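In each ligand, atom 1 is the first atom listed, and ligand 1 is the first ligand listed. The structure presented is a predicted model; accordingly, all values stated were derived computationally and were not measured. For this chain, numbers begin at 1 and follow the sequence in order.
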Amino acid sequence: EPFDQADRMVLDAIGAIAQGALANADLYRQVHMERGRLASITLNIGEGVCAVDAAGNLTFVNPAAAALVRLPSREIAVGDDLPAEALRAPEFLLGPARAAMAAAGVVRDDDGCFEGPAGEPVNVSYTASAIQHNGEVVGAVISFQDITERKRLEATMARQAHYDSLTGLANRRLLVERLESALERSSRDGKRHALIFVDVDRFKAINDSLGHGTGDDLLTAVGSRMRQVAGSKALVARFGGDEFVILLEDVGGVDEAVTAARRICAAVEMPLILADGYEIVASVSAGIALAEPGQTADDLLHDADVAMYRAKGRGGTWQVFDRAVMGSRSSDRIDLEAALRKGIERGELEVYYQPIVSVADERIVGAEALVRWRHPTEGLVSPDRFVPMAEETGLILPMGAFVLNEVCRRIRSIRAGLGVDVPISVNLSPRQFQQSSLLGEVASALDRAGLPSSLLKFEITETMVMDDLAGATEIMKRLNRLGVRLAIDDFGTGHSSLGYLKNFPVHEVKVDRTFVNNLAFDRVDAAIVGAVVDLADAMGIQAVAEGVETAEQLTALRQLRCHNAQGYLFSRPVPGEDFEALLSAQLLPEVETIELRAV
Ligand code: C2E
Ligand code: CA
Ligand code: CA
């Protein structure tokens, strides 16, 4: 039976519905595929993705997000299968979500901080986008990346550019930058800045004998000691190797820098316990320089370095840069080293002698040999300018050998010409003192000149002894056995106490001229010199006052019953011939002297 009208209408309707259903099914399939694709992307990308609804509940979390940040429950690390009950999003996600929803747009931050699974801070870069439906904001999606590692790397790189990796102190570059800007400002604000250049004494020896690991530990320990005591105003930098530089900005004057240097040296010289249990007593030499108007960073560093070398030459303490004594920029150490090397070969060195007199009657009882360098163009160069450098470079050894032989020749010449024996003192630098061949050289120099060893005296500073008490005592004992005499030089400037003196096997103690300077006025200095003299008496050794320039000082020394004295008041250091002339004048009988004067 053919379909009737009504049937046809029904069929049409069914057809339309079927067509529609087919179309819907297609759409459904497409939507489903699209969703699947999106889901698989969000589930598999490394970036964290979270969705939050308008009420602040989590509606979606991808596995990457669940792994990177702390979420309310561990079970939600499964894509969009969130539990039915509402899960409040953590505050660090809510913040960005709210911002995006309020803006009804996108919010980005490359410097965000979320919480990691254990609550630790995680640096993230995130994008939060509002989700809109029919013109209404219904939630937000936050996608983010963990950039903690990158941040750490950036921070390390920034540190490496300005900090020393071993000690964690500022490095040379940061120091120079800060110094340059301080000097630049001071041309406007008139503030003064100072540098303290610190070098660890005998670091090379420590490094060589105890190993580089121990050397590194030592530098680290020294650096942290310095930082502890340098004060918050100071910048402590590792300048390179075993050199440290401390920048003191806006100091009142050189005294303030000296006080800081004293404090720093004293702190470093307290025993240090290193990582592997070694106990080390380090000593340092420090040079202090106060910036002068117009000086560059390089100039000031150079000055502080020169002062440090001078301190080192004296056996390690601190020295303030003094342009008059230590010269200007032109006297570059390297030029100087080359020139001295040649100078030694060409015989430009000479030995001068400064008489040592008896305080009681001012008669010459000995002399100190002081090296001089007759530079072909610069004239007579003071040892303060080249002895420290010679010490550091090792040139001190050939130089010392020359002085030793010259002195032996001179003692012999006095013996032969004037028929008297006058002991002469020779300065020993730390390096010479520790040199293993010292004893042999001394013995053979005496032998060659055919002299009794008692005519030779060696001056060593107390710092040289204190640096290594046991080792130094051993060397002193051996020199004693050889029969030569020993003097402790510059006494009072180092770090030993008066009480130590009695442990040193020496025949003489030389009171440093800083105590002699104000002797006539300063009761404390007088008391110190008095105490040294008493101790010397008790030990049966001689006390010699250095740098005596005035009659008042001599009077004070007489009152304190100091034995011997040396200084410009009696004579400057003079060439060997002149010293012999002074001696022979003294040897003339008293009457003849009077007659001579009368003539
Ligand atoms: P030092 O051993 O303390 O020598 C004494 C210094 O004081 C000498 O300086 C001397 O000229 C100076 N002097 C002497 N009397 C007076 C005075 O009344 N007033 C003042 N203001 N100064 C006075 P010089 O000759 O310039 O020597 C400086 C330093 O160089 C010496 O200090 C010593 O440490 C070192 N030195 C000199 N010759 C030698 C040497 O042959 N070998 C070694 N290793 N070091 C030497
Ligand atoms: Ca001396
Ligand atoms: Ca001296």
Side-chain angles (χ1 to χ4, degrees), residues 285 309-317 319 322 324-327 340 344 349-357 366-373 380-408 410 424-435 438 441 445 456-464 485-494 506 508-519 532 543-554 557 564-576 579:
S285 305
Y309 266 88
R310 187 178 139 108
K312 200 172 276 281
R314 302 229 141 186
T317 36
Q319 288 281 322
D322 176 351
V325 178
M326 303 180 204
L340 179 60
I344 293 174
L349 294 184
E350 289 170 28
V351 178
Y352 273 41
Y353 298 84
Q354 185 174 35
I356 296 172
V357 306
E368 175 175 1
L370 293 159
V371 70
R372 296 291 180 264
W373 177 17
L380 218 52
V381 186
S382 145
D384 282 332
R385 278 186 60 200
F386 65 89
V387 168
M389 178 271 291
E391 169 68 3
E392 195 65 18
T393 57
L395 283 174
I396 197 84
L397 299 181
M399 193 195 92
F402 165 79
V403 173
L404 179 62
N405 283 307
E406 270 300 298
V407 167
C408 287
R410 186 59 63 190
I424 295 182
S425 309
V426 172
N427 289 286
L428 282 187
S429 76
R431 197 156 177 158
Q432 295 173 277
F433 183 61
Q434 276 150 17
Q435 184 198 10
L438 175 70
E441 280 186 22
L456 203 54
K457 193 180 289 169
F458 287 106
E459 298 190 359
I460 56 179
T461 65
E462 71 179 301
T463 320
M464 282 157 59
R485 302 284 150 115
L486 292 175
I488 292 288
D489 202 2
D490 304 342
F491 190 75
T493 59
V506 296
E508 187 178 293
V509 53
K510 301 190 79 171
V511 183
D512 191 71
R513 70 165 168 274
T514 50
F515 299 102
V516 177
N517 256 336
N518 296 325
L519 196 56
V532 176
V544 183
E546 293 187 306
V548 180
E549 296 179 352
T550 68
E552 287 78 18
Q553 290 166 344
L554 179 59
L557 289 170
N564 297 330
Q566 177 184 354
Y568 297 166
L569 179 65
F570 315 106
S571 169
R572 297 218 164 221
V574 294
F579 176 61

(request) Go through ligand 1 atom by atom and flag the ones less than 4.0 Å from a non-hydrogen atom of Gln432. (result) 44 (N)

(message) Looking at ligand 1, would Arg372 count as a contact under a 4.0 Å heavy-atom criterion?
(response) yes

(request) Under 4.0 Å from a heavy atom of Ser429: give me the atoms of ligand 1 that qualify, with their elements. (result) 44 (N)

(message) Please state which option from Asp489, Leu349, Val371 has its nearest heavy atom closest to atom 40 (C) of ligand 1.
(response) Val371

(request) Could you list the residues that satisfy side-chain contact (heavy atoms from CB on, under 4.5 Å) with Gln434, not counting sequence neighbours? (result) Arg202

(message) Measuring from atom 46 (C) of ligand 1, which candidate in Asn427, Asp384, Val548 has the nearest non-hydrogen atom?
(response) Asn427

(request) Check side chain to side chain donor-acceptor pair (under 3.5 Å) between Glu406 and all other residues, then give those that pass, not counting sequence neighbours. (result) Arg409

(message) Against ligand 1, does Lys510 come closer than 4.0 Å with any heavy atom?
(response) no

(request) Kindly indicate whether the side chain of Glu441, heavy atoms from C-beta on, has any atom under 4.5 Å from the side chain of Leu438. (result) no

(request) Work out whether the distance between some heavy atom of Pro573 and some atom of ligand 1 is less than 4.0 Å. (result) yes

(request) For Val407, enumerate each residue passing the side-chain contact (heavy atoms from CB on, under 4.5 Å) test, keeping only those at least two apart in sequence or located in another chain. (result) Val351, Tyr353, Ala369, Val403, Ile411, Ile424, Val426, Leu456

(message) Could you tell me, atom by atom, which parts of ligand 1 come under 4.0 Å of a heavy atom of Val403?
(response) 41 (O)

(message) Using heavy atoms and a 4.0 Å limit, tell me yes or no: is Gln566 in contact with ligand 1?
(response) no

(request) Count up the protein N, O or S atoms sitting under 3.0 Å from the Ca ion (ligand 2), would you? (result) 4

